Amino acid sequence: MKKLLAMLMAAGLCMAVLAGCGADEASADAGSQASGDRPVLVVGTNAEFPPFEYVGDDGEPDGFDVALIRAVADRMGMDVKMENMEFGSLVSAIGTKLDAAIAGMSITEERLLEVDFSDEYYEAVQFVVVPAGSDIAAPADLEGKTIGVQLGTTGDSIASEINGADVKTYNKALDAVNDLVNGRVDLVIIDKNPAEVFEKQFSGQVEIIDGAQFEFEPEFYAIALPKGSEMIEKVNAALAELKADGTFDALVAEYIQ
Ligand code: GLN
């Protein structure tokens, strides 16, 4: 597999060199979707986590993470094929169905047993989403509550450790927030940026509280790769380049802020 990749990349390079004889545009076009001869990185995500990933108007995954992995792969001379799947299935599919996953996925000790992570690219923290006017404010207020979370997430782990909590799991974060609005759960624990998106989407119906108020620890998103993957250095080099040349900040401005 690695050999094949190396051969394909070498072939791509030869073609770029050949193309360079006649047309400078050929290399300028290399980042576009048009080039069908580049190796393909199959990347899993769960497009239920705006603004990092959601289903775009064309029915395909879009969002910050999707744009970021396309930019990373482009620096590696590769195209990307996104696979939209349940969040809880991503880690086990890496190395079999998937070459990598990008899904606002926080680095955790548990996941590190199964996959390797790139350098972190975003700091997050879990937020608490409550119905407007709720008096939930301190860690003790979370005890004994019915808590909605996305299955297999760090929010799920945090909720499961709260005393007396009845944890309801969802495949789609939006379904958890809908159940909050309908009174089926008392609160939802989800990452900061999606919480902010839902606050706008359900304006006047929900409020959000910074998880720091509940002593939730910061988390760091990274790209997940198969254990022992040699691609990790290239991914990290591409990430560093994108940060250094302003591409990363431009994506943050476009999708997150
Ligand atoms: N950051 C959280 C985690 O890694 C949630 C990710 C998500 O729902 N896409 O578990």
Side-chain angles (χ1 to χ4, degrees), residues 43-56 60-69 80 82-94 97-98 100-129 147-162 165 167-180 185 187-199 201 206 208-212 214-225 227 239 251-252 255-256:
V43 182
T45 196
N46 171 244
E48 302 292 343
F49 196 67
F52 293 95
E53 42 268 328
Y54 47 85
V55 177
E60 295 298 318
D62 194 4
F64 177 84
D65 281 347
V66 179
L68 179 64
I69 196 67
V80 169
M82 296 302 302
E83 294 284 352
N84 189 10
M85 52 205 286
E86 286 176 10
F87 185 83
S89 306
L90 286 170
V91 166
S92 62
I94 294 167
K97 271 197 237 159
L98 304 174
I102 189 162
M105 191 183 284
S106 307
I107 301 170
T108 67
E109 293 296 323
E110 208 186 351
R111 291 174 187 153
L112 275 168
L113 298 174
E114 290 185 71
V115 293
D116 282 348
F117 282 102
S118 69
D119 291 338
E120 65 205 39
Y121 64 84
Y122 198 81
E123 179 175 340
V125 67
Q126 298 299 306
F127 264 40
V128 173
V129 188
I147 305 180
V149 296
Q150 217 184 344
L151 180 66
T153 59
T154 46
D156 187 355
S157 310
I158 288 175
S160 305
E161 279 168 19
I162 294 170
V167 182
K168 284 191 78 177
T169 57
Y170 299 82
N171 279 318
K172 301 181 180 190
L174 180 63
D175 291 345
V177 180
N178 271 321
D179 267 7
L180 177 76
V185 299
L187 59 112
V188 169
I189 298 181
I190 189 161
D191 302 46
K192 172 181 194 268
N193 298 91
E196 287 172 350
V197 170
F198 291 129
E199 182 192 33
Q201 196 173 333
V206 305
I208 60 174
I209 312 167
D210 188 333
F214 303 97
E215 290 151 24
F216 299 163
E217 301 286 335
E219 299 180 14
F220 299 91
Y221 296 167
I223 300 164
L225 295 156
K227 255 219 145 343
L239 273 175
L251 292 179
V252 170
Y255 288 97
I256 301 179

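First listed ligand is number 1; within each ligand, the first listed atom is number 1. Sequence positions, counted from 1, serve as the residue numbers for this chain. Since the structure is predicted, the reported quantities are computational estimates derived from the model, not experimental observations.
Between the side chains of Q126 and D191, at least one donor N or O sits under 3.5 Å from an acceptor N or O. Between D65 and Y121, the side chains place a donor N or O and an acceptor N or O closer than 3.5 Å (distance only, hydrogens not considered). For the residue pair Q150 / N46, a side-chain donor-acceptor distance below 3.5 Å is found, with atom types taken as modelled.
Neither the backbone nor the side chain of K172 has a heavy atom within less than 4.0 Å of ligand 1.
The residue from D191, N193, L151, V149 that puts a heavy atom closest to atom 5 (C) of ligand 1 is D191.
Residue contacts with ligand 1 include R111, since one of its heavy atoms falls under 4.0 Å from the ligand. Put simply, part of Y221 is less than 4.0 Å from ligand 1, judged by heavy atoms.
The nearest protein atom to atom 8 (O) of ligand 1, hydrogens excluded, is given as Q150 OE1, 2.7 Å; this is a heavy-atom distance. Nearest to atom 9 (N) of ligand 1 among the protein's heavy atoms is A103 O, 2.8 Å.
Atoms of ligand 1 lying under 4.0 Å from at least one heavy atom of M105, given by number and element, are 4 (O).
Of the polar atoms of G104, at least one N or O is found under 3.5 Å from an N or O of ligand 1, judged by distance alone.
Using a 30° and 60° split on the angle between ring planes, F64 and Y122 fall in the tilted class, from 30° to 60°.
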